[in-house]
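Reminder, nothing fancy here: chain letters follow the sequence lines and each chain counts from 1.
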Amino acid sequence: MGENYWLLKSEPGCYSIDDLAAEPDQTTCWSGVRNFQARNFMRDGMAVGDKAVFYHSVTDPSAVGVMGIVRAAYADPTAQDPQDSHFDPRATPEKPLWYAVDVRFERKFRSPVPLRAMRVVPALAGMELLRKGSRLSVMPINAQEFATLCRMGEEGAE
DNA sequence: GCCAACGTTGGC
DNA sequence: GCCAACGTTGGC
């Protein structure tokens with residue numbers, strides 16, 4: 001456990017790393033994932049102790065910090081809440097269909113790592129994120145990619 | 001705001 | 001099972 005690395009996307013206008021850092025316990029339920037491949041990564045791959053890079057999409061796309069996975073996959077409560085925009089009538093307590101994990105803020109990078117900066121780093125060339133048309137909101141990265149992103153985030157802008 | 005890429009839906 | 005239509009994502 002705690003051996004895997006991930007990249008999690010969120011639009012900062014929806015939920016940003018500052019929002020996470022501002023939570024009372026700096027922890028939140030990472031819910032609302034509605035893509036089967038992303039769901040499978042969360043449900044089948046994530047374990048307590050794993051690390052995840054927080055990525056801001058759409059607005060100033062960039063990696064902005066690090067989170068830890070503090071609770072493994074469980075039924076996404078938003079899927080079964082009719083009031084929620086992520087409600088899915090197919091989801092039931094017996095067959096949740098969608099899953100969430102809990103994440104805890106660990107640190108914010110000294111400077112965000114822009115997507116365009118990632119594109120020119122050979123060590124990052126294999127990341128799913130850099131593939132044209134990639135829309136996955138939850139994806140695995142390897143230890144080297146994680147370390148490279150962290151180093152770039154602490155070094156400051158290139 | 002534009003548009004390419006993608007996942008999902010639904011008719012057949 | 002195919003595939004066109006549609007809605008969404010997300011970079012630019």
| message | Keeping A/D50 on the side-chain end and A/A47 on the backbone end, is there a donor-acceptor pair under 3.5 Å? | response |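 Side chain of A/D50 to backbone of A/A47: a pair is present.
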Whole angstrom is fine here: how far is it from [atom1] in [X] over to [atom2] in [N]?
| X | N | atom1 | atom2 | answer |
| --- | --- | --- | --- | --- |
| A/D88 | B/dT8 | CG | P | 11 Å |
| A/Q37 | C/dT8 | CD | C1' | 16 Å |
| A/E128 | B/dA5 | CD | C1' | 12 Å |
| A/F36 | C/dT8 | CZ | P | 16 Å |
| A/M118 | C/dG11 | CE | P | 10 Å |
| A/L136 | B/dT8 | CG | P | 10 Å |
| A/M127 | C/dG10 | CE | P | 15 Å |
| A/R39 | B/dG7 | CZ | C1' | 14 Å |

Counting only side-chain nitrogens and oxygens, does [X] get under 4.0 Å of the OP1 or OP2 atom of [N]?
| X | N | value |
| --- | --- | --- |
| A/K9 | C/dG10 | yes |
| A/Y55 | C/dG11 | yes |
| A/R131 | B/dA4 | no |

| Will you find, in the side chains of A/R39 and A/S137, an N or O donor that is under 3.5 Å from an N or O acceptor? |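 Side-chain D/A pair, A/R39 to A/S137: absent.
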| message | Pairing donors with acceptors under 3.5 angstrom, does anything connect the side chains of A/S16 and A/D18? | response |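 Side-chain D/A pair, A/S16 to A/D18: absent.
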| query | Heavy atoms under 4.0 Å, any strand shown: does A/R34 hit a base, just sugar-phosphate, or nothing? | reply |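 No contact.
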With the side chain of [X] defined as its heavy atoms from C-beta on, choose the nearest nucleotide among [options].
| X | options | value |
| --- | --- | --- |
| A/L115 | C/dC12, C/dG10, B/dG7 | C/dC12 |
| A/R90 | C/dG10, B/dT9, B/dA5 | B/dT9 |
| A/N35 | C/dG10, B/dG7, B/dA5 | B/dG7 |
| A/R119 | C/dG10, C/dC12, B/dT9 | C/dC12 |

| Would A/T28 and A/M67 satisfy side-chain contact (heavy atoms from CB on, under 4.5 Å), going step by step from the backbone distance to the final call? | CA-CA 10 Å; A/T28 196; A/M67 308 174 269; over 6 Å; no
| query | Do A/K108 and A/I17 touch side chain to side chain, with heavy atoms closer than 4.5 Å? | reply |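 A side-chain contact under 4.5 Å exists here.
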